[in-house]
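Shown next, in structure tokens, is the structure this report addresses.
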Amino acid sequence: MLMLASKLKGDDGLKGSRTAATASDTTRRVSVTDKLLVKEIAELEANLPCTCKVHFPDPNKLHCFQLTVTPDEGYYMGGKFQFETEVPDAYNMVPPKVKYLTKIWHPSITETGEICLSLLREHSMDGSGWAPTRTLKDVIWGLNSLFTDLLNFDDPLNIEAAEHHLRDKEDFRNKVDDYIQRYAR
């Protein structure tokens, strides 16, 4: 799965000769970010929530992956929700960019895919935004929690969805179920 990881291991054997090291520098230079991604993804795959699956469309590009969350409780149970994550070159000094791909009726996610999750913000007013000590595992667990314990109707990004919930919980549930049936199967 982690083809970049095998490339990194292959570089270790070339450090013995000067010509091999020169060839390695020009053809196989691996960034610090790539090394960090190999480490974090190995850890991530060992510690994923049971409701999450990670998919790499190109196993040689660890900086782009998709996440599928399949909640097993709450309003969104039974749906399959897709996120696309891109890790920038400046990672881990800046957070990964995450876009929501499945149409949803949710107070913290807009219908155009914007996500309100403080740890995805470089600068957060509540002090819980991105920090270099955070990892991709934190991002995955945070995204997963949007469907359960981080479901926030008090400080929404999608104000219309939050107001709908406050006005009529049963109708909100029906609209969520309708979106799941139409877009999240």
Side-chain angles (χ1 to χ4, degrees), residues 37 40-41 44-45 47-57 61-88 90-185:
L37 281 176
E40 283 194 23
I41 288 168
L44 173 70
E45 289 179 334
N47 296 300
L48 271 178
C50 62
T51 55
C52 295
K53 287 190 178 22
V54 174
H55 171 71
F56 293 88
K61 294 182 180 175
L62 298 182
H63 64 280
C64 293
F65 62 91
Q66 294 174 344
L67 169 69
T68 302
V69 177
T70 310
D72 57 3
E73 62 179 293
Y75 286 115
Y76 301 94
M77 183 171 61
K80 288 175 94 173
F81 304 99
Q82 302 282 325
F83 295 88
E84 183 176 77
T85 304
E86 186 174 329
V87 180
Y91 180 80
N92 67 345
M93 297 308 289
V94 297
K97 304 294 180 209
V98 181
K99 174 114 173 132
Y100 187 71
L101 302 176
T102 311
K103 194 168 181 181
I104 189 170
W105 190 241
H106 192 289
S108 298
I109 304 171
T110 66
E111 290 185 80
T112 58
E114 297 169 274
I115 303 163
C116 180
L117 184 62
S118 61
L119 71 89
L120 293 177
R121 284 189 231 131
E122 203 165 339
H123 306 287
S124 178
M125 298 296 280
D126 63 6
S128 61
W130 186 257
T133 55
R134 296 213 184 254
T135 65
L136 292 174
K137 181 176 82 171
D138 298 325
V139 172
I140 301 296
W141 281 85
L143 293 170
N144 184 59
S145 294
L146 284 174
F147 298 99
T148 55
D149 51 333
L150 287 183
L151 192 57
N152 185 353
F153 295 100
D154 298 326
D155 184 23
L157 179 61
N158 184 344
I159 296 168
E160 190 179 348
E163 287 175 350
H164 185 192
H165 180 266
L166 292 173
R167 197 173 49 251
D168 188 344
K169 288 177 180 43
E170 189 60 37
D171 193 49
F172 175 84
R173 178 178 289 283
N174 290 338
K175 187 162 185 172
V176 167
D177 288 343
D178 180 51
Y179 273 52
I180 290 171
Q181 293 301 316
R182 285 204 263 166
Y183 309 112
R185 286 287 167 193

Can you check side-chain contact (heavy atoms from CB on, under 4.5 Å) on Cys50 and Asp72, steps first, answer last? CA-CA 9 Å; Cys50 62; Asp72 57 3; 4.3 Å; yes
Interatomic distance, Lys99 atom NZ to Leu101 atom CG [nearest 0.5 angstrom]: 7.5 Å
Thr135 side, atom OG1; Asn92 side, atom CG - distance, nearest 0.5 Å: 9.5 Å
Nearest 0.5 angstrom please: Tyr183 OH to Ile104 CD1, how far? 12.0 Å
Can you see which heavy atom on Val94 is nearest to which on Pro88, and at what distance? CG2-CG, 3.5 Å
Arg134 side-chain N/O to Pro95 backbone N/O, donor-acceptor pair under 3.5 Å: no
Which heavy atom of Trp130 sits nearest to which heavy atom of Leu119, and what is that distance? CE3-O, 3.2 Å
Side-chain contact test, heavy atoms from C-beta onward, threshold under 4.5 Å: evaluate it for Ile115 versus Leu143 and give yes or no. yes
Taking it one step at a time, do His63 and Tyr91 satisfy ring-ring contact (aromatic ring centres under 6.0 Å, His included)? CA-CA 10 Å; His63 64 280; Tyr91 180 80; over 10 Å; no
Between Glu111 and Lys103, is there a side-chain N and carboxylate O pair less than 4.0 Å apart? yes
Could you please spell out the steps behind the ring-ring contact (aromatic ring centres under 6.0 Å, His included) verdict for Phe147 and His106? CA-CA 9 Å; Phe147 298 99; His106 192 289; 5.8 Å; yes
Is Lys175 atom NZ crowded by more than 12 heavy atoms from other residues, nucleotides or ligands, each under 6.0 Å away? yes
Looking at Asp178 and Arg182, is any side-chain nitrogen of the basic one under 4.0 Å from a carboxylate oxygen of the acidic one? yes
With side-chain contact (heavy atoms from CB on, under 4.5 Å) as the test, pick out the partner of Phe83 among Asn144, Val139, Val98. Val98
Verify side-chain contact (heavy atoms from CB on, under 4.5 Å) between Tyr76 and Thr148, making sure each step is shown before the conclusion. CA-CA 8 Å; Tyr76 301 94; Thr148 55; over 6 Å; no
I'd like to check Leu67 versus Cys52 (side-chain heavy atoms, cut-off strictly below 4.5 Å). Are they in contact? yes
Step-by-step side-chain contact (heavy atoms from CB on, under 4.5 Å) determination, Leu157 to Ile109: CA-CA 6 Å; Leu157 179 61; Ile109 304 171; over 6 Å; no
From Ser145 OG over to Asp138 CG, what is the distance, rounded to the nearest 0.5 angstrom? 10.5 Å
Using 30° and 60° as the class boundaries, would you call the ring planes of Phe56 and Phe65 parallel, tilted or perpendicular? tilted
Are the side chains of Arg121 and Cys116 in touch, meaning some heavy atoms are under 4.5 Å apart? yes
Side chains of Leu166 and His164 in contact at under 4.5 Å (non-hydrogen atoms): no
Step by step, would you call Leu146 with Leu151 a side-chain contact (heavy atoms from CB on, under 4.5 Å)? CA-CA 5 Å; Leu146 284 174; Leu151 192 57; over 6 Å; no
What closest approach, in Å, do Ile140 and Pro49 show between heavy atoms, and which atom pair accounts for it? CG2-CD, 4.1 Å
Nearest heavy atoms of Gly79 and Pro71, plus distance in Å: O-CD, 3.5 Å
Quick one, Leu48 and Lys53 - any side-chain contact, counting heavy atoms below 4.5 Å? no
Is it the case that Gln82 and Thr68 place a side-chain donor and acceptor less than 3.5 Å from each other? yes
Are the side chains of Tyr100 and Thr112 in touch, meaning some heavy atoms are under 4.5 Å apart? no
Going from CG on Asp171 to CZ on Arg173, what distance comes out if it is rounded to the nearest 0.5 angstrom? 12.0 Å
So His165 and Tyr75, would you call those rings parallel, tilted or perpendicular, with 30° and 60° as cut-offs? perpendicular
What class does the angle between the rings of Phe153 and Phe172 fall in, given that below 30° is parallel, 30 to 60° is tilted and above 60° is perpendicular? perpendicular
One should read off an interatomic distance between Cys64 SG and Glu84 CD, to the nearest 0.5 angstrom, of 7.0 Å
